[in-house]
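In this chain, residues are counted from 1 in sequence order.
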Amino acid sequence: MPQSRPASLPAIYPHITGRDRRPLQLLDDHRVLTTDQIHRMLFLARRTCQIRLGELAALGLLDRFRFARAGGGSHPWHWTLGHQGHRFQAAAHHRPEPTVRTSRQSVDRLSANPNLTHLLMANEFFVRLIVHARQHPQARLDRWWPETTTTRQFRTITADGHGLWSVADTTVGFFLEADTGTEPLGRVVAKLDRYIQLIRRGGPRYPVLFWLGSEHREEHLHRLLRGRRDSVPLATATHATDPAEAVWLPGGATGRVRLTELPSDHGQPVADNPNYDESGFVL
């Protein structure tokens, strides 16, 4: 039997609310989020969130998958764009029309990606900042770039994400290194060399945030960092903490501080620094 053609986008527009555009854009930018992450960022009631995500999936705007738990039951739903969602975002951003096949492959490859846990962890860091900002009117996440955008914009680094975090009139940029505990810490420390190259090119001097799985691994990392005299500011915290609070331990320090207390410099207005254009600094 011939496959039915997907509904035209205008046919589903009456079912898309202004609030729906936010999760569609987030999933376009960051590929995958769990029900819990979307709930905490965008909804007050979990049940309302679950119902709306299900409705968007029925429209083909979202797709989802989940895995069985080793001890029984299932992990939470992982949400990504469905074919209509890919079409909607492509139209909104003047990108080529995706095919059903490419949309299906996108979900299949994401669900089978061995780095899926790491991607969700990096996204969780930014989710917590957004949740904090919802509860504190003076705080805001001005920029959230995923790994792909960060690498494309800054070229020499491969951070897991980049952001600009503001509280009142203070803004600090940062690069995220979300650690799953699978890499030797010597290799983790070696990543700082690329940030040194970025600074020497006139790029930003933002703190590198090592977000670690345990206090033991954090202590070990600081031992390895002793004796380094880098121009790169850095700080560490663990996954159990709220990254917006005073949980960051700078290299060589003994007390923990907030993100906005870390040194941050947007760099020089040179051609390959994406923080600047002809009008000056840009968000």
Quick one: closest heavy-atom pair of Leu81 and Gln89, and the distance?
CD1-CG, 4.0 Å
Do the non-hydrogen side-chain atoms of Leu224 and Val188 ever get within less than 4.5 Å of each other?
no
Taking atom types as modelled and ignoring hydrogens, do the side chains of Gln197 and Arg194 form a donor-acceptor contact shorter than 3.5 angstrom?
no
So do the side chains of Leu259 and Leu209 get within less than 4.5 Å of each other, counting heavy atoms only?
yes
Would you say the side chain of Tyr195 lies within less than 4.5 Å of the side chain of Glu177, judging by non-hydrogen atoms?
yes
How many angstroms lie between atom CD1 of Ile16 and atom CG of Leu59, to the nearest 0.5 angstrom?
7.0 Å
Spell out, as yes or no, whether a donor-acceptor pair under 3.5 Å connects the side chain of Asp160 to the backbone of Ala122.
no
Would Asp28 and Arg95 pass as an ion pair if we require N to O under 4.0 Å?
yes
Apply side chain to side chain contact (heavy atoms under 4.5 Å, CB included) to the pair Arg40 and Glu124, showing each step before the final yes or no.
CA-CA 11 Å; Arg40 287 184 286 134; Glu124 175 64 19; 2.7 Å; yes
Got a donor-acceptor contact below 3.5 angstrom from the Arg128 side chain to the Thr241 backbone?
yes
Near Arg109 CZ, under 6.0 Å, is it more than 12 heavy atoms from other residues, nucleotides or ligands?
no
Do Leu9 and Leu27 land in one hydrophobic cluster if side-chain heavy atoms of ILVMFWY residues count as linked below 4.5 Å?
yes
When you check the side-chain N and O atoms of Thr260 and Trp165, is any donor under 3.5 Å from an acceptor?
no
Parallel, tilted or perpendicular, as decided by the 30° and 60° cut-offs, for the rings of His136 and His132
parallel
Regarding Glu218 and Thr238, is there a side-chain donor-to-acceptor distance under 3.5 Å anywhere?
no
Does NE2 in His216 sit with more than 12 non-hydrogen atoms of other residues, nucleotides or ligands closer than 6.0 Å?
no
Could you see if Leu44 belongs to whatever hydrophobic cluster contains Leu53? Use Ile, Leu, Val, Met, Phe, Trp, Tyr and a side-chain cutoff under 4.5 Å.
no
If you group Ile, Leu, Val, Met, Phe, Trp and Tyr by side-chain heavy-atom gaps below 4.5 Å, do Val172 and Leu164 land in one group?
no
Is the number of heavy atoms from other residues, nucleotides or ligands under 6.0 Å of Gln138 CD greater than 12?
no
Should we say atom CG of Asp169 is surrounded by more than 12 heavy atoms from elsewhere, each under 6.0 Å from it?
no
Please check if atom CD in Glu215 has more than 12 non-hydrogen atoms from other residues, nucleotides or ligands closer than 6.0 Å.
no
Would you indicate whether Arg46, at its atom CZ, is surrounded by more than 12 heavy atoms from other residues, nucleotides or ligands within a distance under 6.0 Å?
yes
Check Trp144, Trp145, Phe125 against His30 for a ring-ring contact (aromatic ring centres under 6.0 Å, His included) and give me the one that passes.
Trp144
Does either side chain, that of Thr150 or that of His162, offer a donor lying less than 3.5 Å from an acceptor on the other one?
no
Counting heavy atoms not belonging to Arg101, are there more than 12 under 6.0 Å from its CZ?
no
What about Leu234 and Leu221, same hydrophobic cluster or not, with Ile/Leu/Val/Met/Phe/Trp/Tyr joined at side-chain heavy-atom distances under 4.5 Å?
yes
Do you know the tightest heavy-atom contact between Phe154 and Pro274?
CE2-CG, 3.5 Å
